Enquirer: 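Let me give you the structure first, and then I'll get to my questions.
Model, not experiment: these values are computed from the prediction.
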Protein chains: 2
Amino acid sequence: MKILLVEDDKMHADFLHEIVENALPECNEILLARDGREGEELARAHKITAIVMDLRMKEQNGIEAARLIWARCPETRILFWSNYSDEAYLRGIANIVPGEATYGYVLKTATEERLRLALRAVLIEAQIVVDREVHQIQNRQMRSRSALTEFEYTILLDIALGLPDKAIATRRKLSLRTVQNRLLSLYDKLDVGALDQNEMGIVLNKRARAVSNAIARKIINREGLSSAEKELQAWLSRRSAKNALPPNP
Amino acid sequence: MKILLVEDDKMHADFLHEIVENALPECNEILLARDGREGEELARAHKITAIVMDLRMKEQNGIEAARLIWARCPETRILFWSNYSDEAYLRGIANIVPGEATYGYVLKTATEERLRLALRAVLIEAQIVVDREVHQIQNRQMRSRSALTEFEYTILLDIALGLPDKAIATRRKLSLRTVQNRLLSLYDKLDVGALDQNEMGIVLNKRARAVSNAIARKIINREGLSSAEKELQAWLSRRSAKNALPPNP
DNA sequence: AAGGGTGTTGCGGGAACCCGCAAAGCGGGT
DNA sequence: ACCCGCTTTGCGGGTTCCCGCAACACCCTT
C-alpha cells in the first residue's frame, strides 16, 4: 500500500511522515509532495488512493488539488489535515466531495492519537471522520441565524468579484429584482444594517461591507475568491464566444 | 537574559525553543506565549526586550502585538518568524516599526543556520535583518508599476470597509473629487479596466473588483482589514460624539 | 519668466445600486 | 376550494458611483 502526503511545511511533513509510519504498518511506500500541483501529479502517476492533504499551500491549495484528484478517481481516500476550521474551507470541501467519496478532516492541533485514529479510519477502513471541533463549528454556523444558504453564498462571491446586479441576474438566470432581494437577505445576515453601527450620519456601501464582514467572519477567504474568479472568467469567455457569432449572417 | 517566544503552533514552538537554546547560550530563561495577547502581557510583566514572534496567530496577530509592545517600549528587539511574505504583512510591519526599533524578518522556510544568525544578529547585536527573499519581494513590489502609494493603500482599505466616497473625503480631509481621482489611479494599478478582461458586454463593479484583486495579490489580507475596521469604528464613535454636542445650546 | 508635469477641486450626467410598494406564482394546511 | 406564507418579478425614485471636462495651485526644469 502506498500513501501520499501533501504538505509544504517541512516540519509538519516530517512529523506526519513519522506518525504515518507508526500508525500504518501496512504502508510500504510513503511519497511526499510539497504543493497541490505536485500532489495531484504524483497521485495520478502512482495511482495512489490514500492521501493526507494540507489545505493551505503555496502553489495550489488542497481543495483544488482534491477536486482534480476526485474528478479522475472518486474512490480516492483523502484525509485533510489543516490548521483551519473556517467556514470557507468547510464549504469549499463540502462543495467538491463527490458524495460517495471517503474523506476526513483533522485539525493540526489535535493529539497524535486522534490523528493516528483518523489515519486508520479514513485510509484503511474508508470511514468518514470529522474532527469534533470542526463539526461543531459546522453545526453552529449552519443553525445560527447568520447561516448562509447556497444561493446567498454564491451571490456573495459574485458581488465580491465585482459582478453588477444585472450580470448576476443573467448568470444565475434570475430577474434583476430577485437578485436584489437575495442581496437584501444577505445584507441582513451579515449585519450590514446601514445605520445600526454608526449612530450618526454616514451610510456605508453595503456591497463592500458585506464582503469585508464575510472575510472578517471567515465565511469567504482568498482561496475561495480565487477559484470563484476562475469560474467567472470561464463563464465570461464562454459567453463572449456565443455573443461573437449571432450578429453575423 | 530572557527571551520570549510567541508562537501558537506547538511543533514550531518546540523547534524554535531548541534552536534558541543552542544559538543563544547567554539566554538563561525562555518564555513561551501562544498568541499575541499572551505575548504582550508576558513581555510587559517580565520586562522582556528580546522577542521572537510569529505573525499569524489565533487570538491576536503578531503585528498588533508588536505594535502594542513597541508603543510601550520602543527598544524591544523583535524577530518576526513567519511563513508569509505577503505585501500585506510587510506593509503592516513597516507601518508599526518605530523607526529607531530593532527588528528582523525571517521566513520559516529558511535554513536553521540562517535562523540562528538572525537570532544573534537581531536579539544580541541589535542589527536589522531581513530575509533576502522577503527583501526581494518588497523591492519588486515597490518598483513595479502596480506599487501602491500609502495614500492609495489607505483608500483601498477604506473602500474595502465600505466607506462611500464622501465619507472617505471627510475622513481623509480631501474633496470628493480628489478621492475619486485617487480611486482612479488605484483602479489603474489594480488592473480594474472595465472592458479589458471581458471583451464583450458586462462592466464590472470597480470597487468590488479592486478589493478582490488586492486580496488575490495579497496586497491586503484579513488581518489588515480587521485592524482597519477597528480604526474605522474608533473614528466613527469619536465623530458621533462630536456631532452629539453642537445642536445643543 | 515661461512652460510642462502633477495633484486638487468643481460640475454635470449616465449608469448602477438600494429599496418600498404591489402584483403575481406556488406550495401546504384546514 | 380557500387562505396563508414565501419567493419571484416589475416599477419608480432617491442616492451613490464613475468619469470626462476644465480650472487652479504648486514644483521643477530650461
Side-chain angles (χ1 to χ4, degrees), chain A residues 145 147-198 200-214 232 236, chain B residues 145 147-198 200-214 232 236:
Chain A
R145 189 189 59 82
L148 266 52
T149 68
E150 280 312 307
F151 267 156
E152 286 159 349
Y153 183 68
T154 61
I155 218 179
L156 170 61
L157 285 177
D158 282 343
I159 65 169
L161 292 178
L163 282 169
D165 298 7
K166 198 160 54 162
I168 301 179
T170 66
R171 184 176 185 196
R172 305 302 179 192
K173 309 220 165 116
L174 296 168
S175 88
L176 185 61
R177 196 59 184 80
T178 303
V179 171
Q180 294 176 326
N181 272 336
R182 295 238 155 104
L183 279 174
L184 232 50
S185 68
L186 183 63
Y187 294 153
D188 180 41
K189 292 196 179 170
L190 291 175
D191 299 319
V192 183
L195 307 182
D196 51 356
Q197 342 199 21
N198 49 355
M200 288 290 297
I202 298 188
V203 179
L204 297 140
N205 179 326
K206 315 230 168 173
R207 269 170 180 246
R209 209 97 246 295
V211 173
S212 72
N213 275 4
L232 172 60
L236 281 175
Chain B
R145 189 189 59 82
L148 266 52
T149 68
E150 280 313 306
F151 268 157
E152 287 158 350
Y153 183 69
T154 59
I155 217 179
L156 170 61
L157 285 176
D158 282 344
I159 66 169
L161 292 178
L163 282 169
D165 298 7
K166 198 160 55 162
I168 301 180
T170 65
R171 182 176 186 195
R172 305 301 179 194
K173 308 215 165 123
L174 296 168
S175 86
L176 185 61
R177 196 60 183 82
T178 303
V179 171
Q180 294 175 326
N181 273 336
R182 294 240 159 105
L183 279 174
L184 232 50
S185 69
L186 182 63
Y187 295 153
D188 180 41
K189 292 198 180 169
L190 291 175
D191 299 318
V192 183
L195 308 181
D196 51 358
Q197 342 200 21
N198 48 356
M200 287 290 297
I202 299 188
V203 180
L204 296 140
N205 179 327
K206 316 232 167 172
R207 260 160 192 259
R209 208 97 246 295
V211 173
S212 71
N213 275 4
L232 171 60
L236 281 175

Enquirer: Taking only residues two or more places apart in sequence, or in another chain, which ones meet A/R182 in a salt bridge (Lys or Arg N to Asp or Glu O under 4.0 Å)?
Expert: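 Result, salt bridge (Lys or Arg N to Asp or Glu O under 4.0 Å) vs A/R182: none returned.
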
Enquirer: Tell me: CD of A/Q180 to C1' of D/dT15, nearest whole Å?
Expert: 14 Å

Enquirer: Given atom OH of B/Y187 and atom C1' of D/dC18, what is their separation to the nearest angstrom?
Expert: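 Between C1' of D/dC18 and OH of B/Y187: 8 Å.
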
Enquirer: What is the distance from NZ of A/K166 to C1' of C/dC18, rounded to the nearest Å?
Expert: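 My rounded result for the distance is 16 Å.
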
Enquirer: If you check every side-chain atom of B/L183, which of C/dT8, C/dC18, D/dC18 has the closest atom?
Expert: D/dC18

Enquirer: B/L204 CG to C/dC17 P: how many Å, rounded?
Expert: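 These atoms are roughly 10 Å apart.
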
Enquirer: How many whole angstroms separate atom CG of A/D188 from atom P of C/dC18?
Expert: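 These atoms are roughly 15 Å apart.
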
Enquirer: On DNA chain C, check which nucleotide each of A/N205 and A/N181 is closest to and give me the residue with the more 5' one.
Expert: A/N205

Enquirer: Run the side chain to side chain donor-acceptor pair (under 3.5 Å) test against B/S185 and tell me which residues pass, sequence neighbours left out.
Expert: B/E152

Enquirer: Testing the basics here: between B/D158 and B/R172, what is the closest heavy-atom pair and its distance to 0.1 Å?
Expert: OD2-NE, 2.9 Å

Enquirer: Rounded off to whole Å, could you give me the CD1-to-C1' distance for the B/I159 and C/dC17 pair?
Expert: 16 Å

Enquirer: When you measure from the side chain of B/F151, which nucleotide among D/dC19, C/dC17, C/dT8 comes out closest?
Expert: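 The answer is C/dT8, which lies nearest to the side chain.
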
Enquirer: What residues form a side-chain contact (heavy atoms from CB on, under 4.5 Å) with A/A167, not counting sequence neighbours?
Expert: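 Scan of A/A167 (side-chain contact (heavy atoms from CB on, under 4.5 Å), adjacent residues dropped) gives A/L163, A/P164, B/I202.
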
Enquirer: Who passes side-chain contact (heavy atoms from CB on, under 4.5 Å) against B/R177, sequence neighbours left out?
Expert: B/S175, B/Q180, B/N181

Enquirer: Shortest non-hydrogen contact from B/N213 to B/D191?
Expert: ND2-O, 4.1 Å

Enquirer: Ignoring hydrogens, what is the shortest heavy-atom contact between B/V192 and B/R209? Give both atom names and the distance.
Expert: CG1-CB, 3.6 Å

Enquirer: Whole angstroms only, please: what is the CZ-P distance between B/R182 and D/dC19?
Expert: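 In whole Å, D/dC19 P lies 17 Å from B/R182 CZ.
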
Enquirer: Not counting sequence neighbours, which residues clear side chain to side chain donor-acceptor pair (under 3.5 Å) with B/T170? List them please.
Expert: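 B/T170 satisfies side chain to side chain donor-acceptor pair (under 3.5 Å) with no residue once adjacent residues are dropped.
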
Enquirer: Note down the inter-axis angle between the two ends of the helix from C/dA1-D/dT30 to C/dT30-D/dA1, five pairs each, to the nearest 10°.
Expert: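 Its terminal axes enclose an angle near 20°.
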
Enquirer: Starting from P on D/dC18, measure out to CD1 on B/I155 and report it in whole angstrom.
Expert: 11 Å

Enquirer: Going by heavy atoms closer than 4.0 Å, what residues in residues 168-179 of chain A are next to DNA chain C?
Expert: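 The stretch gives A/R177 as the residues lying under 4.0 Å from the strand, ordered by number.
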
Enquirer: Looking only at the side chain of B/K206 (C-beta and beyond, no hydrogens), which of the listed nucleotides D/dT8, C/dG7, D/dC18 gets closest?
Expert: D/dC18

Enquirer: Could you report the tightest heavy-atom contact between A/L190 and A/A210, atom names first, then the distance?
Expert: CD1-O, 3.5 Å

